[in-house]
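The basis for the numbers below is simple: all heavy atoms, side chains too, and nothing from hydrogens, waters or symmetry mates. The shown structure was predicted, so the numbers you read here are calculated from the model rather than taken from an experiment. One-based numbering, in listed order, for ligands and for the atoms of each.
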Amino acid sequence: MASDTILIRDSAILTAAGWVQPGYVLVQGSSIATIGESEPPQTVVAQTGTVLSAQNSAVLPGLINGHTHLSQTFMRGLAGGRGLITWLKDVVWPMPAAIIPDEFYLAALIGLVENLCCGVTEVVNHHKLTRTRRHTDAMLDAVEVSGLRVTVARAWSDLGESAESEQVIIQDLEERFQTWHSHPRISFANGPLALWRCSAAMLIQTHALARQYRRTTHLHVSESADEAVMSKQRYDVRPVLWLYDLGILDTNVDVVHAVWVNKNELMVLSETGARVVHCLVSNAVLGSGIAPLNDMVALGVPVRLGTDGPASNDNQDLFETLKTAVVLARATVCDPQVLPPGTALRLATGGRVLATQAPADIVVVNLDHANAVPVHDITSALVLANYGARVESVIVDGRLLLKEGRLLTLDESALREACRVAAAHLRQRAF
Ligand SMILES: [Zn+2]
(Lines give C-alpha, C1' and ligand atoms only; values in the text may rest on other atoms or scores of the structure.)
Protein backbone atom coordinates (compact mmCIF):
# COMPACT_ATOMS: atom_id res chain seq x y z
CA MET A 1 0.00 0.00 0.00
CA ALA A 2 1.36 3.45 -0.86
CA SER A 3 2.38 6.23 1.51
CA ASP A 4 -0.75 8.21 0.57
CA THR A 5 -2.88 5.86 2.65
CA ILE A 6 -4.31 6.96 6.00
CA LEU A 7 -5.90 4.61 8.52
CA ILE A 8 -8.14 5.94 11.30
CA ARG A 9 -8.81 3.21 13.86
CA ASP A 10 -10.37 2.42 17.24
CA SER A 11 -13.10 5.07 16.94
CA ALA A 12 -16.80 5.56 16.19
CA ILE A 13 -17.47 5.97 12.46
CA LEU A 14 -20.57 7.74 11.10
CA THR A 15 -22.00 5.62 8.26
CA ALA A 16 -25.38 5.34 6.51
CA ALA A 17 -26.27 2.60 9.02
CA GLY A 18 -25.42 4.81 11.99
CA TRP A 19 -22.35 4.77 14.22
CA VAL A 20 -19.98 1.82 13.76
CA GLN A 21 -18.13 1.45 17.05
CA PRO A 22 -15.34 0.56 17.22
CA GLY A 23 -14.46 0.79 13.61
CA TYR A 24 -11.86 1.96 11.15
CA VAL A 25 -11.62 3.97 7.94
CA LEU A 26 -8.96 3.48 5.30
CA VAL A 27 -8.29 6.41 2.96
CA GLN A 28 -6.51 5.76 -0.29
CA GLY A 29 -5.74 8.65 -2.62
CA SER A 30 -8.58 11.17 -2.54
CA SER A 31 -11.35 8.78 -1.48
CA ILE A 32 -12.39 6.30 1.19
CA ALA A 33 -11.25 2.78 0.30
CA THR A 34 -12.69 0.77 3.19
CA ILE A 35 -14.81 1.15 6.29
CA GLY A 36 -14.79 -1.77 8.72
CA GLU A 37 -15.97 -2.85 12.13
CA SER A 38 -13.69 -3.56 15.11
CA GLU A 39 -9.96 -4.06 14.39
CA PRO A 40 -8.43 -3.45 10.95
CA PRO A 41 -6.55 -6.47 9.51
CA GLN A 42 -2.86 -6.52 10.44
CA THR A 43 -1.88 -6.56 6.77
CA VAL A 44 -3.68 -3.23 6.30
CA VAL A 45 -2.05 -1.69 9.39
CA ALA A 46 1.43 -2.82 8.35
CA GLN A 47 1.15 -1.32 4.87
CA THR A 48 -0.55 1.99 5.72
CA GLY A 49 1.44 5.20 5.44
CA THR A 50 -0.20 7.04 8.37
CA VAL A 51 -2.13 5.45 11.23
CA LEU A 52 -4.27 7.59 13.53
CA SER A 53 -5.36 5.83 16.68
CA ALA A 54 -8.52 7.66 17.70
CA GLN A 55 -10.00 6.07 20.83
CA ASN A 56 -12.97 7.90 22.38
CA SER A 57 -13.35 9.91 19.19
CA ALA A 58 -16.03 10.39 16.56
CA VAL A 59 -15.09 10.19 12.89
CA LEU A 60 -17.53 11.93 10.56
CA PRO A 61 -17.73 13.80 7.25
CA GLY A 62 -16.23 17.26 7.41
CA LEU A 63 -18.65 20.06 8.18
CA ILE A 64 -19.72 22.50 5.46
CA ASN A 65 -19.64 26.21 6.26
CA GLY A 66 -22.34 27.31 3.83
CA HIS A 67 -21.61 31.04 3.95
CA THR A 68 -18.77 33.25 5.10
CA HIS A 69 -16.74 36.24 3.96
CA LEU A 70 -13.00 35.61 4.31
CA SER A 71 -12.38 39.30 3.65
CA GLN A 72 -13.86 40.05 7.09
CA THR A 73 -11.43 38.04 9.22
CA PHE A 74 -9.54 41.18 10.29
CA MET A 75 -12.85 42.85 11.28
CA ARG A 76 -13.70 40.65 14.24
CA GLY A 77 -15.05 42.44 17.25
CA LEU A 78 -15.82 45.71 15.48
CA ALA A 79 -19.61 45.36 15.18
CA GLY A 80 -19.90 47.33 18.43
CA GLY A 81 -23.65 47.01 18.83
CA ARG A 82 -24.47 48.34 15.35
CA GLY A 83 -27.43 47.06 13.33
CA LEU A 84 -26.95 45.67 9.82
CA ILE A 85 -26.97 48.84 7.70
CA THR A 86 -24.91 50.98 10.14
CA TRP A 87 -22.47 48.10 10.59
CA LEU A 88 -22.03 47.85 6.82
CA LYS A 89 -21.34 51.58 6.45
CA ASP A 90 -19.09 51.99 9.52
CA VAL A 91 -17.07 48.77 9.43
CA VAL A 92 -17.61 46.42 6.52
CA TRP A 93 -17.14 48.93 3.71
CA PRO A 94 -14.15 51.03 5.01
CA MET A 95 -11.78 48.15 5.80
CA PRO A 96 -11.95 46.37 2.44
CA ALA A 97 -11.47 49.74 0.77
CA ALA A 98 -8.09 49.99 2.49
CA ILE A 99 -6.86 46.39 2.49
CA ILE A 100 -3.95 45.48 0.19
CA PRO A 101 -3.57 42.03 -1.40
CA ASP A 102 -0.83 40.86 1.01
CA GLU A 103 -3.08 41.67 3.98
CA PHE A 104 -6.03 40.00 2.32
CA TYR A 105 -3.96 36.85 1.80
CA LEU A 106 -3.26 36.68 5.53
CA ALA A 107 -6.88 37.45 6.47
CA ALA A 108 -8.18 34.75 4.13
CA LEU A 109 -5.60 32.20 5.25
CA ILE A 110 -6.20 32.58 8.97
CA GLY A 111 -9.95 32.50 8.31
CA LEU A 112 -9.51 29.20 6.47
CA VAL A 113 -7.29 27.82 9.25
CA GLU A 114 -10.02 28.76 11.73
CA ASN A 115 -12.59 26.83 9.68
CA LEU A 116 -10.25 23.84 9.40
CA CYS A 117 -9.53 23.73 13.13
CA CYS A 118 -13.30 23.85 13.77
CA GLY A 119 -13.89 20.71 11.70
CA VAL A 120 -14.93 22.37 8.45
CA THR A 121 -13.63 20.79 5.26
CA GLU A 122 -15.72 22.80 2.78
CA VAL A 123 -16.34 26.56 2.76
CA VAL A 124 -18.52 28.81 0.63
CA ASN A 125 -16.69 32.13 0.56
CA HIS A 126 -18.94 34.96 -0.62
CA HIS A 127 -16.05 36.92 -2.06
CA LYS A 128 -16.66 40.67 -1.96
CA LEU A 129 -13.13 41.97 -2.50
CA THR A 130 -13.09 42.02 -6.27
CA ARG A 131 -11.85 45.51 -7.06
CA THR A 132 -8.51 44.25 -8.44
CA ARG A 133 -7.48 40.87 -9.78
CA ARG A 134 -4.59 40.83 -7.29
CA HIS A 135 -7.05 40.79 -4.39
CA THR A 136 -8.89 37.78 -5.79
CA ASP A 137 -5.62 36.06 -6.64
CA ALA A 138 -4.36 36.61 -3.08
CA MET A 139 -7.48 34.93 -1.70
CA LEU A 140 -7.09 32.04 -4.15
CA ASP A 141 -3.44 31.62 -3.09
CA ALA A 142 -4.63 31.32 0.52
CA VAL A 143 -7.24 28.74 -0.52
CA GLU A 144 -4.55 26.69 -2.28
CA VAL A 145 -2.25 26.80 0.75
CA SER A 146 -5.06 25.88 3.16
CA GLY A 147 -5.93 22.64 1.35
CA LEU A 148 -9.66 23.16 2.04
CA ARG A 149 -12.47 22.61 -0.45
CA VAL A 150 -13.81 26.08 -1.31
CA THR A 151 -16.55 27.53 -3.49
CA VAL A 152 -15.85 31.17 -4.28
CA ALA A 153 -19.15 32.97 -4.83
CA ARG A 154 -17.91 35.97 -6.79
CA ALA A 155 -19.87 38.89 -5.30
CA TRP A 156 -21.09 41.77 -7.41
CA SER A 157 -23.51 44.69 -7.44
CA ASP A 158 -24.58 46.81 -10.39
CA LEU A 159 -26.59 49.36 -8.41
CA GLY A 160 -25.50 52.01 -5.91
CA GLU A 161 -22.05 52.62 -4.40
CA SER A 162 -19.14 50.53 -5.74
CA ALA A 163 -21.32 49.16 -8.52
CA GLU A 164 -19.52 47.37 -11.35
CA SER A 165 -20.45 47.50 -15.02
CA GLU A 166 -22.44 44.67 -16.54
CA GLN A 167 -19.57 43.89 -18.90
CA VAL A 168 -16.99 43.54 -16.09
CA ILE A 169 -19.27 41.30 -14.03
CA ILE A 170 -20.19 38.97 -16.88
CA GLN A 171 -16.65 38.73 -18.25
CA ASP A 172 -15.13 38.00 -14.85
CA LEU A 173 -17.75 35.40 -13.95
CA GLU A 174 -17.39 33.61 -17.26
CA GLU A 175 -13.61 33.59 -17.08
CA ARG A 176 -13.65 32.28 -13.51
CA PHE A 177 -16.19 29.56 -14.33
CA GLN A 178 -14.03 28.39 -17.21
CA THR A 179 -10.66 28.62 -15.45
CA TRP A 180 -11.72 26.77 -12.30
CA HIS A 181 -14.11 24.31 -13.90
CA SER A 182 -12.08 21.17 -13.31
CA HIS A 183 -10.08 22.01 -10.18
CA PRO A 184 -10.50 19.19 -7.62
CA ARG A 185 -11.19 21.51 -4.66
CA ILE A 186 -11.89 25.03 -5.89
CA SER A 187 -14.88 26.25 -7.87
CA PHE A 188 -16.64 29.53 -8.55
CA ALA A 189 -20.29 30.53 -8.13
CA ASN A 190 -22.36 33.58 -9.00
CA GLY A 191 -22.60 35.80 -5.90
CA PRO A 192 -25.01 38.78 -6.21
CA LEU A 193 -24.63 40.79 -3.00
CA ALA A 194 -28.26 41.54 -2.16
CA LEU A 195 -31.53 42.30 -3.91
CA TRP A 196 -31.35 46.02 -3.20
CA ARG A 197 -27.95 46.29 -4.90
CA CYS A 198 -28.61 44.17 -8.01
CA SER A 199 -30.81 44.85 -11.03
CA ALA A 200 -33.41 42.35 -12.19
CA ALA A 201 -31.79 42.09 -15.62
CA MET A 202 -28.38 41.20 -14.17
CA LEU A 203 -29.79 38.72 -11.68
CA ILE A 204 -31.48 36.89 -14.55
CA GLN A 205 -28.45 37.08 -16.85
CA THR A 206 -25.87 35.93 -14.28
CA HIS A 207 -28.05 33.12 -13.00
CA ALA A 208 -28.47 31.83 -16.55
CA LEU A 209 -24.70 31.99 -17.00
CA ALA A 210 -24.13 30.09 -13.75
CA ARG A 211 -26.57 27.38 -14.81
CA GLN A 212 -24.87 27.10 -18.18
CA TYR A 213 -21.64 26.20 -16.33
CA ARG A 214 -23.50 24.07 -13.74
CA ARG A 215 -22.63 26.53 -10.99
CA THR A 216 -24.84 27.99 -8.28
CA THR A 217 -26.11 31.46 -7.51
CA HIS A 218 -25.48 32.50 -3.91
CA LEU A 219 -27.01 35.70 -2.50
CA HIS A 220 -28.15 37.44 0.68
CA VAL A 221 -31.95 37.57 0.94
CA SER A 222 -34.13 39.07 3.68
CA GLU A 223 -31.41 39.37 6.28
CA SER A 224 -33.09 42.32 7.98
CA ALA A 225 -36.66 43.61 8.26
CA ASP A 226 -35.57 46.73 6.33
CA GLU A 227 -34.94 44.65 3.21
CA ALA A 228 -38.50 43.34 3.12
CA VAL A 229 -39.77 46.93 3.44
CA MET A 230 -37.43 48.13 0.67
CA SER A 231 -38.56 45.31 -1.61
CA LYS A 232 -42.23 46.17 -1.04
CA GLN A 233 -41.57 49.85 -1.78
CA ARG A 234 -39.47 49.20 -4.87
CA TYR A 235 -41.15 46.17 -6.42
CA ASP A 236 -44.47 45.97 -4.58
CA VAL A 237 -43.67 42.41 -3.59
CA ARG A 238 -41.67 40.68 -0.86
CA PRO A 239 -38.05 39.57 -1.63
CA VAL A 240 -38.52 35.83 -2.13
CA LEU A 241 -41.58 36.41 -4.31
CA TRP A 242 -39.66 38.94 -6.37
CA LEU A 243 -36.93 36.36 -7.03
CA TYR A 244 -39.61 33.84 -7.93
CA ASP A 245 -41.19 36.30 -10.38
CA LEU A 246 -37.76 36.76 -12.00
CA GLY A 247 -37.60 33.01 -12.52
CA ILE A 248 -34.32 32.49 -10.67
CA LEU A 249 -35.47 30.48 -7.66
CA ASP A 250 -34.51 26.87 -8.28
CA THR A 251 -32.26 24.11 -6.99
CA ASN A 252 -29.17 26.03 -8.14
CA VAL A 253 -29.74 28.91 -5.72
CA ASP A 254 -28.46 29.48 -2.19
CA VAL A 255 -30.78 31.89 -0.34
CA VAL A 256 -28.55 33.17 2.46
CA HIS A 257 -30.37 34.22 5.68
CA ALA A 258 -34.12 34.21 4.88
CA VAL A 259 -34.79 35.67 8.33
CA TRP A 260 -37.76 37.82 7.33
CA VAL A 261 -39.82 35.43 5.24
CA ASN A 262 -43.54 34.84 5.66
CA LYS A 263 -45.51 31.59 5.23
CA ASN A 264 -46.13 32.26 1.56
CA GLU A 265 -42.43 32.81 0.90
CA LEU A 266 -41.58 29.61 2.80
CA MET A 267 -43.99 27.68 0.59
CA VAL A 268 -42.32 29.12 -2.50
CA LEU A 269 -38.87 28.15 -1.21
CA SER A 270 -40.17 24.64 -0.57
CA GLU A 271 -41.76 24.30 -4.01
CA THR A 272 -38.73 25.59 -5.93
CA GLY A 273 -36.10 23.58 -4.03
CA ALA A 274 -33.96 26.66 -3.39
CA ARG A 275 -31.55 26.05 -0.51
CA VAL A 276 -31.47 28.29 2.54
CA VAL A 277 -28.20 28.98 4.33
CA HIS A 278 -29.05 29.58 7.98
CA CYS A 279 -26.58 32.04 9.60
CA LEU A 280 -28.28 32.29 12.97
CA VAL A 281 -25.34 33.46 15.11
CA SER A 282 -24.56 36.35 12.78
CA ASN A 283 -28.25 37.26 12.62
CA ALA A 284 -28.40 37.29 16.42
CA VAL A 285 -25.20 39.34 16.85
CA LEU A 286 -26.53 42.03 14.50
CA GLY A 287 -29.97 41.91 16.10
CA SER A 288 -31.50 41.03 12.74
CA GLY A 289 -33.87 38.35 14.07
CA ILE A 290 -34.24 34.57 14.06
CA ALA A 291 -35.00 32.72 10.82
CA PRO A 292 -37.92 30.25 11.02
CA LEU A 293 -35.78 27.10 10.87
CA ASN A 294 -38.48 24.82 12.26
CA ASP A 295 -40.87 25.81 9.50
CA MET A 296 -38.21 25.36 6.85
CA VAL A 297 -37.33 21.86 8.06
CA ALA A 298 -41.02 20.92 8.36
CA LEU A 299 -41.66 22.07 4.77
CA GLY A 300 -38.64 20.20 3.44
CA VAL A 301 -36.68 23.29 2.45
CA PRO A 302 -33.04 22.24 2.00
CA VAL A 303 -31.02 24.01 4.71
CA ARG A 304 -27.33 24.39 5.36
CA LEU A 305 -25.63 26.16 8.22
CA GLY A 306 -23.25 29.08 7.81
CA THR A 307 -21.25 31.23 10.19
CA ASP A 308 -21.32 34.33 7.96
CA GLY A 309 -18.24 36.53 8.08
CA PRO A 310 -16.19 37.09 11.24
CA ALA A 311 -17.20 40.77 11.23
CA SER A 312 -20.65 39.78 12.41
CA ASN A 313 -20.26 36.41 14.16
CA ASP A 314 -17.37 36.95 15.41
CA ASN A 315 -15.95 33.48 14.78
CA GLN A 316 -16.31 30.72 12.22
CA ASP A 317 -16.93 27.85 14.65
CA LEU A 318 -19.56 25.74 12.94
CA PHE A 319 -19.95 23.44 15.97
CA GLU A 320 -20.98 26.51 17.97
CA THR A 321 -23.41 27.43 15.18
CA LEU A 322 -24.76 23.88 15.23
CA LYS A 323 -25.60 23.85 18.92
CA THR A 324 -27.01 27.37 18.79
CA ALA A 325 -29.26 26.36 15.90
CA VAL A 326 -30.75 23.59 18.03
CA VAL A 327 -31.30 25.63 21.17
CA LEU A 328 -32.75 28.61 19.29
CA ALA A 329 -35.09 26.38 17.28
CA ARG A 330 -36.42 24.83 20.48
CA ALA A 331 -36.61 28.09 22.42
CA THR A 332 -38.62 29.88 19.74
CA VAL A 333 -41.44 27.31 19.88
CA CYS A 334 -41.02 26.18 23.53
CA ASP A 335 -40.63 22.58 22.38
CA PRO A 336 -37.62 20.39 23.35
CA GLN A 337 -38.46 17.81 20.70
CA VAL A 338 -37.83 19.88 17.60
CA LEU A 339 -34.57 19.57 15.70
CA PRO A 340 -33.11 16.42 17.28
CA PRO A 341 -29.28 16.25 17.24
CA GLY A 342 -29.22 13.82 14.29
CA THR A 343 -31.31 16.17 12.15
CA ALA A 344 -29.17 19.13 13.15
CA LEU A 345 -25.93 17.31 12.37
CA ARG A 346 -27.18 16.59 8.85
CA LEU A 347 -27.62 20.33 8.30
CA ALA A 348 -23.94 20.81 9.18
CA THR A 349 -22.57 17.93 7.09
CA GLY A 350 -24.80 18.45 4.08
CA GLY A 351 -26.47 15.11 4.84
CA ARG A 352 -23.32 13.18 3.98
CA VAL A 353 -22.04 10.05 5.73
CA LEU A 354 -18.79 8.16 5.40
CA ALA A 355 -18.90 5.48 2.71
CA THR A 356 -16.54 3.60 0.44
CA GLN A 357 -15.68 5.53 -2.74
CA ALA A 358 -16.88 8.79 -1.14
CA PRO A 359 -14.47 11.75 -1.19
CA ALA A 360 -12.12 11.60 1.78
CA ASP A 361 -13.25 14.77 3.57
CA ILE A 362 -13.12 13.55 7.16
CA VAL A 363 -12.84 15.02 10.65
CA VAL A 364 -11.85 13.27 13.87
CA VAL A 365 -13.41 14.84 16.97
CA ASN A 366 -12.04 13.90 20.38
CA LEU A 367 -14.85 13.30 22.89
CA ASP A 368 -12.50 12.37 25.73
CA HIS A 369 -12.71 15.62 27.66
CA ALA A 370 -14.61 17.03 30.62
CA ASN A 371 -17.30 18.68 28.47
CA ALA A 372 -18.32 15.41 26.87
CA VAL A 373 -17.64 12.53 29.31
CA PRO A 374 -19.61 10.32 29.78
CA VAL A 375 -20.72 9.85 26.18
CA HIS A 376 -24.08 8.05 26.30
CA ASP A 377 -25.05 9.16 22.79
CA ILE A 378 -22.34 10.14 20.29
CA THR A 379 -24.54 12.38 18.13
CA SER A 380 -25.87 14.24 21.15
CA ALA A 381 -22.35 14.64 22.54
CA LEU A 382 -21.14 16.07 19.23
CA VAL A 383 -24.01 18.52 18.81
CA LEU A 384 -24.80 19.61 22.37
CA ALA A 385 -21.79 18.86 24.60
CA ASN A 386 -18.98 19.65 22.25
CA TYR A 387 -18.14 23.15 23.47
CA GLY A 388 -14.86 24.35 21.99
CA ALA A 389 -14.79 21.31 19.74
CA ARG A 390 -11.65 19.22 20.09
CA VAL A 391 -11.14 18.62 16.41
CA GLU A 392 -8.06 16.40 16.41
CA SER A 393 -7.49 15.56 12.77
CA VAL A 394 -8.83 16.74 9.41
CA ILE A 395 -8.49 15.16 5.98
CA VAL A 396 -9.57 16.96 2.81
CA ASP A 397 -9.50 15.29 -0.59
CA GLY A 398 -7.42 12.51 0.96
CA ARG A 399 -4.77 14.87 2.32
CA LEU A 400 -4.08 15.02 6.06
CA LEU A 401 -4.10 18.74 6.95
CA LEU A 402 -4.48 18.60 10.74
CA LYS A 403 -2.91 15.69 12.59
CA GLU A 404 -3.71 15.18 16.25
CA GLY A 405 -4.13 18.91 16.80
CA ARG A 406 -1.13 20.05 14.74
CA LEU A 407 -1.36 21.81 11.37
CA LEU A 408 0.81 20.05 8.81
CA THR A 409 0.60 22.65 6.06
CA LEU A 410 1.91 25.82 7.72
CA ASP A 411 3.33 27.41 10.87
CA GLU A 412 0.19 28.60 12.65
CA SER A 413 2.09 30.58 15.28
CA ALA A 414 3.96 32.58 12.63
CA LEU A 415 0.69 33.13 10.75
CA ARG A 416 -1.04 34.50 13.84
CA GLU A 417 1.80 36.94 14.48
CA ALA A 418 1.82 38.12 10.86
CA CYS A 419 -1.95 38.66 11.07
CA ARG A 420 -1.68 40.71 14.28
CA VAL A 421 0.85 43.06 12.65
CA ALA A 422 -1.01 43.33 9.33
CA ALA A 423 -4.40 43.95 10.95
CA ALA A 424 -3.00 46.74 13.13
CA HIS A 425 -1.59 48.51 10.05
CA LEU A 426 -4.84 48.05 8.17
CA ARG A 427 -6.94 49.46 10.97
CA GLN A 428 -4.77 52.59 11.16
CA ARG A 429 -5.31 53.24 7.46
CA ALA A 430 -9.01 52.34 7.34
CA PHE A 431 -10.41 54.50 10.17
ZN1 LIG B 1 -22.96 37.36 4.40
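- The backbone N or O of Glu223 lies less than 3.5 Å from a partner atom in the side chain of Glu227, making a donor-acceptor pair.
- Protein N/O/S atoms found under 2.8 Å from the Zn ion (ligand 1): His67 NE2, His69 NE2, His220 NE2, Asp308 OD1.
- Checked by atom type and distance alone, the side chain of Arg149 pairs as donor or acceptor with a backbone atom of Pro184 at under 3.5 Å.
- Checked by atom type and distance alone, the side chain of Thr179 never pairs as donor or acceptor with a backbone atom of Arg176 at under 3.5 Å.
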Run the side-chain donor-acceptor check on residues 278-288: report pairs under 3.5 Å with partners two or more places apart or on a different chain.
residue, atom, partner, partner atom, Å
Ser282, OG, Asp308, OD2, 3.2
Ser282, OG, Ser312, OG, 2.8
Asn283, ND2, His257, ND1, 3.1

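- Without hydrogens or angle criteria, His127 side chain to Arg154 main chain gives no donor-acceptor distance under 3.5 Å.
- Residues Leu173 and Gln205 form no side-chain contact, since every pair of their non-hydrogen atoms from C-beta on lies 4.5 Å or further apart.
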